[in-house]
Amino acid sequence: DTGVSQDPRHKITKRGQNVTFRCDPISEHNRLYWYRQTLGQGPEFLTYFQNEAQLEKSRLLSDRFSAERPKGSFSTLEIQRTEQGDSAMYLCASSFVTSAETQYFGPGTRLLVL
Amino acid sequence: AQKVTQAQTEISVVEKEDVTLDCVYETRDTTYYLFWYKQPPSGELVFLIRRNSFDEQNEISGRYSWNFQKSTSSFNFTITASQVVDSAVYFCALSDGGSQGNLIFGKGTKLSVKP
């Protein structure tokens with residue numbers, strides 16, 4: 001297995017535009033997590049899925065953010081009406097369903113909002 | 001509330017020196033899990049170790065070792081005979097034993113190993 005993959009790796013957009021990121025987890029993993037990491041900080045939890053169900057959302061996830069995992073495989077994270085404060089690295093991770101199993105991370109999508 | 005503190009923002013050492021990265025955590029849970037991840041300049045977080053709260057045995061993996069002490073709520077990471085390739089940001093993270101499993105990360109320690 002090739003691990004967690006994310007696309008695109010880099011995205012530059014203008015304020016007010018919508019962007020969508022994709023994450024493909026390790027194939028046998030049931031859980032998929034999204035994190036956001038700003039410069040000089042550790043990753044912060046945004047949301048997670050168990051199979052296709054979105055089970056938890058952080059208060060960091062404003063109404064402009066939406067995530068889906070329609071068939072329990074890949075996931076998308078969409079940001080509508082982007083703001084400069086959305087500039088960050090968006091990280092995806094996957095794990096087995098048992099709580100506190102090790103999460104394996106993808107390479108991230110670096111977003112820059114101009 | 002859960003919290004992870006990595007007080008060392010940056011550390012610089014010369015190759016072959018030993019270096020210890022500190023991690024202090026806070027949690028009210030009796031069951032929890034601690035992790036260390038490495039983030040090289042490429043950006044991808046690489047898993048290093050997972051330890052549960054009931055296992056206080058220290059662990060050694062090659063040049064890496066981890067010291068878990070519940071009495072001081074610390075989970076420190078030592079690199080012996082550091083190498084330039086060890087240069088990266090290292091994150092300590094905490095997860096509770098509940099059903100959610102999301103990780104609480106510290107702010108990271110940037111390690112620079114100079115030749």
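Quick note on labels: first sequence line is chain A, next is B, and so on, each numbered from 1. The figures that follow rest on heavy atoms only: side chains count, while hydrogens, waters and symmetry mates do not. Just so we're clear, the structure is a prediction, and the values are computed from it rather than from any experiment.
When atom types are taken as modelled, the side chain of B:Lys70 and the backbone of B:Ser53 share a donor-acceptor pair closer than 3.5 angstrom.
In the hydrophobic clustering of this structure, A:Leu60 groups with A:Phe65; members are Ile, Leu, Val, Met, Phe, Trp, Tyr whose side-chain heavy atoms approach within less than 4.5 Å, directly or through other members. At a threshold of 4.5 Å between side-chain heavy atoms, the hydrophobic network of Ile, Leu, Val, Met, Phe, Trp and Tyr places A:Leu61 and A:Leu55 in two separate groups. No path of Ile, Leu, Val, Met, Phe, Trp and Tyr side chains, each step under 4.5 Å between heavy atoms, connects A:Trp34 with A:Leu91, placing them in separate hydrophobic clusters. When hydrophobic clusters are built by joining Ile, Leu, Val, Met, Phe, Trp and Tyr residues whose side-chain heavy atoms come closer than 4.5 Å, directly or via intermediates, A:Leu77 is not grouped with B:Leu45.
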Intermediate values then yes/no, side-chain contact (heavy atoms from CB on, under 4.5 Å), A:Gln103 and A:Tyr35
CA-CA 12 Å; A:Gln103 295 179 27; A:Tyr35 292 83; 2.8 Å; yes
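Aromatic ring pairs are classed by plane angle as parallel below 30°, tilted from 30° to 60° and perpendicular above 60°; the pair B:Tyr25 and B:Phe68 is tilted.
The stretch residues 81-90 of chain A places A:Met89 near chain B, each with some heavy atom under 4.5 Å from a heavy atom of that chain. Identified by a heavy-atom distance below 4.5 Å to chain A, the contributing residues of residues 104-112 of chain B are B:Phe105, B:Gly106, B:Lys107, in residue-number order.
When ring centroids are compared, A:Tyr33 and A:Phe105 stay outside the 6.0 Å threshold.
If you take CG on A:Leu32 and OG on A:Ser94, they are separated by 6.5 Å, rounding to the nearest 0.5 Å. Here CD of A:Glu44 is found 11.5 Å from CG of B:Asn102. Values are rounded to the nearest 0.5 Å.
Heavy-atom distances place no part of A:Arg110 under 4.5 Å from chain B, backbone and side chain included. Proximity to chain A is absent for every atom of B:Gln6, based on heavy atoms less than 4.5 angstrom apart. Of the two parts of A:Gln37, only the side chain, counted from C-beta on, holds a non-hydrogen atom closer than 4.5 Å to a non-hydrogen atom of chain B.
A cation-pi geometry, defined here as NZ or CZ lying under 6.0 Å from the six-membered ring centre and within 45° of its normal, does not hold between B:Arg51 and B:Tyr33.
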